[in-house]
Q: 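Starting off with a structure, shown below.
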2 protein chains.
Amino acid sequence: MISLKNDRFYLAADCVVFTILHKELKILLIRRKNEPFRGRYALPGGFVELHENLKEAALRELAEETGVKNIFLEQLHTYSDVKRDPRARIISVAYLALISADDLKLHATTDAELAQWFSVYHLPELGFDHHTIVEDALQRLRVKLETTNIAFQLMPDKFTLSELQNAYEIILDRKLDKRNFRKKQKELNLLKELQESKMEGAHRPAKLFYFKGN
Amino acid sequence: MISLKNDRFYLAADCVVFTILHKELKILLIRRKNEPFRGRYALPGGFVELHENLKEAALRELAEETGVKNIFLEQLHTYSDVKRDPRARIISVAYLALISADDLKLHATTDAELAQWFSVYHLPELGFDHHTIVEDALQRLRVKLETTNIAFQLMPDKFTLSELQNAYEIILDRKLDKRNFRKKQKELNLLKELQESKMEGAHRPAKLFYFKGN
DNA sequence: CCAAAAGTGTTAGTGATACACCCATGT
DNA sequence: ACATGGGTGTATCACTAACACTTTTGG
């Protein structure tokens, strides 16, 4: 896309990709190579092409910029302020994306030099209206965490109950009660206990579970 | 808009306007004067213009097609299937709109001949993907009804508790317990009782309330 | 006095919260 | 034996659900 015209709309799909890494809730940002906001960070994303729908565009952009596939995507909101992009009339459809830190490592690519993970609590300055988008996404993530099974999108295939609880605590930014958390998980009946245990550190090994739905 | 080109995107804002009328949950549909789907019904809406954002476009279209102003609007979802409009690549951003049947009468306009209210349970065939949009909107309305104060957007300024309960029952499509409903409203403390009563029919007059927030 | 909708409390059940100790392991 | 995180049950509180009769009016 060399030059943008002022007699039409352009459509972009931008992704707020969350993961949990090093006990922090992180989002993926890309350092911009071009104007506007050259050198600043922004959400991964780009222009939708005429032959694809929005979700396809979001998946394609993510694959190109980060190498990630099979990612969980949910449409968040569409941003349309007339002046949100100085170049032209660009409408951005934002997606909430979740990925397990495990899956991440498998897909590192060449383009990855420009991509970087930031704690949501220590973001750099972002281009466009991307701060607003990130806030909306975080809010949505929290609501969904407490009302759906979305959390498992952030977990590896096998995980311990403490790891799961940690994920909740990190996202909600508050402590949860261990016994109540485990009781609830048992009642929800979404997890299947494995025979394996996770051995690490000088303490009792933790049982591993996987998400079986119901 | 005479002819549409195939080298670009067009943006539309479409509204699912709910109201409660004659004890039914209704949505507003417009009979199409032009191809495609000429003669069929479709959601009110139209093309976004370059100088306005999506919400402004939705409000403008509603005003033009129905004369309604000051309506409650919330962005619902963006629909982008490549083939959703046979003419060109048209992306539709759908809005959930709520209006009190009272406010409605005040704003009837000339264009209104083409606009008509239909029970959500007895819709005619709709053009485009508008059936999907309506279903999504209804689902969202129900969730919001139970988690926010959105219901008051559908009520007149003054209303009785029975009228409010009726609105809930009509939207959720199930009976609610009268005593529990009233107790909950009292606890929520969002209503202010007026001195007036509503006298109609051969029975005890009902106290009127208005929504004061908190 | 009859019909019709308004109005009003109590009880049981279910889910959320608060809280403290023993267990299995590595060093 | 000690340090570390894993694992477990019970009591209280808050919210939801079920349920029936009296009141006020117009006709």
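Order of the sequence lines fixes the chain letters, A, B, ..., with proteins taken first and strands second; residue numbering starts at 1 for each chain.
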Q: For B:Pro205 versus B:Met199, what's the shortest heavy-atom pair and its separation?
A: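 Result for this residue pair: CG-SD, 3.3 Å.
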Q: Less than 4.0 Å between a side-chain N and a carboxylate O, is that true for A:Arg140 and A:Glu74?
A: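 Yes, charged N to carboxylate O under 4.0 Å.
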Q: Please report, rounded to the nearest Å, how far the P atom of C:dA5 is from the CE atom of B:Met199.
A: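 It is 17 Å, rounded to the nearest whole Å.
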Q: With a 3.5 Å cut-off and just heavy-atom distances, do the side chain of A:Lys178 and the base of D:dG7 make a donor-acceptor pair?
A: yes
Q: Can you tell me how far P of C:dA5 sits from CZ of B:Phe181, to the nearest Å?
A: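 Roughly 18 Å, once rounded to whole Å.
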Q: Just the rounded figure in Å: distance from P of D:dT24 to CG of B:Leu161.
A: 17 Å
Q: How close or far is atom C1' of C:dT8 from atom CD of B:Glu193, stated in whole angstroms?
A: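 After rounding, the reported distance stands at 13 Å.
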Q: Reckon B:Ser162 has a side-chain N or O less than 4.0 Å from the OP1 or OP2 of C:dA6?
A: yes
Q: Hey, what's the ring geometry for A:Tyr41 with A:Phe118, parallel, tilted or perpendicular (30° and 60° as the breaks)?
A: perpendicular
Q: Of all the choices, D:dG6, C:dT8, D:dT24, which nucleotide is nearest to the side chain of B:Pro205 once you look at every atom?
A: D:dT24
Q: Name the nucleic acid region contacted by B:Lys183, choosing base, sugar-phosphate or nothing; use a 4.0 angstrom heavy-atom cut-off, strictly under.
A: base
Q: Over how many whole Å does the gap from B:Lys198 atom NZ to D:dT25 atom C1' extend?
A: 16 Å
Q: As a test of reading the structure: which of D:dG7, C:dA6, D:dA18 is closest to the side chain of A:Arg182, going by heavy atoms?
A: D:dG7
Q: Answer with yes or no after comparing the ring centroid distance for B:Phe37 and B:Phe128 against a 6.0 Å cut-off, counting only values under it.
A: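 Centroid distance B:Phe37-B:Phe128: below 6.0 Å, so yes.
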Q: A:Glu196 CD to C:dA24 C1': how many Å, rounded?
A: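 Atom-to-atom, A:Glu196 to C:dA24, this comes out as 18 Å.
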Q: Out of D:dT25, D:dG5, D:dA17, which nucleotide sits closest to the side chain of B:His203?
A: D:dT25
Q: Checking contacts here: which listed nucleotide (D:dT16, D:dA17, C:dA24) is nearest the side-chain heavy atoms of B:Asn180?
A: D:dA17
Q: Side chains of A:Glu169 and A:Gln165: donor-acceptor distance under 3.5 Å anywhere?
A: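 Side-chain D/A pair, A:Glu169 to A:Gln165: present.
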Q: Mapping B:Lys207 and A:Lys184 onto DNA chain C by nearest heavy atom, which one lands closer to the 5' end?
A: B:Lys207
Q: Send over the distance from B:Gln165 CD to C:dA5 C1', rounded to a whole Å.
A: 12 Å
Q: Specify the residue among A:Arg179 and A:Ala202 whose closest nucleotide of DNA chain C lies further upstream toward the 5′ end.
A: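 Nearer the 5' end of the strand: A:Arg179.
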Q: B:Asp177 CG to D:dT16 C1': how many Å, rounded?
A: 10 Å
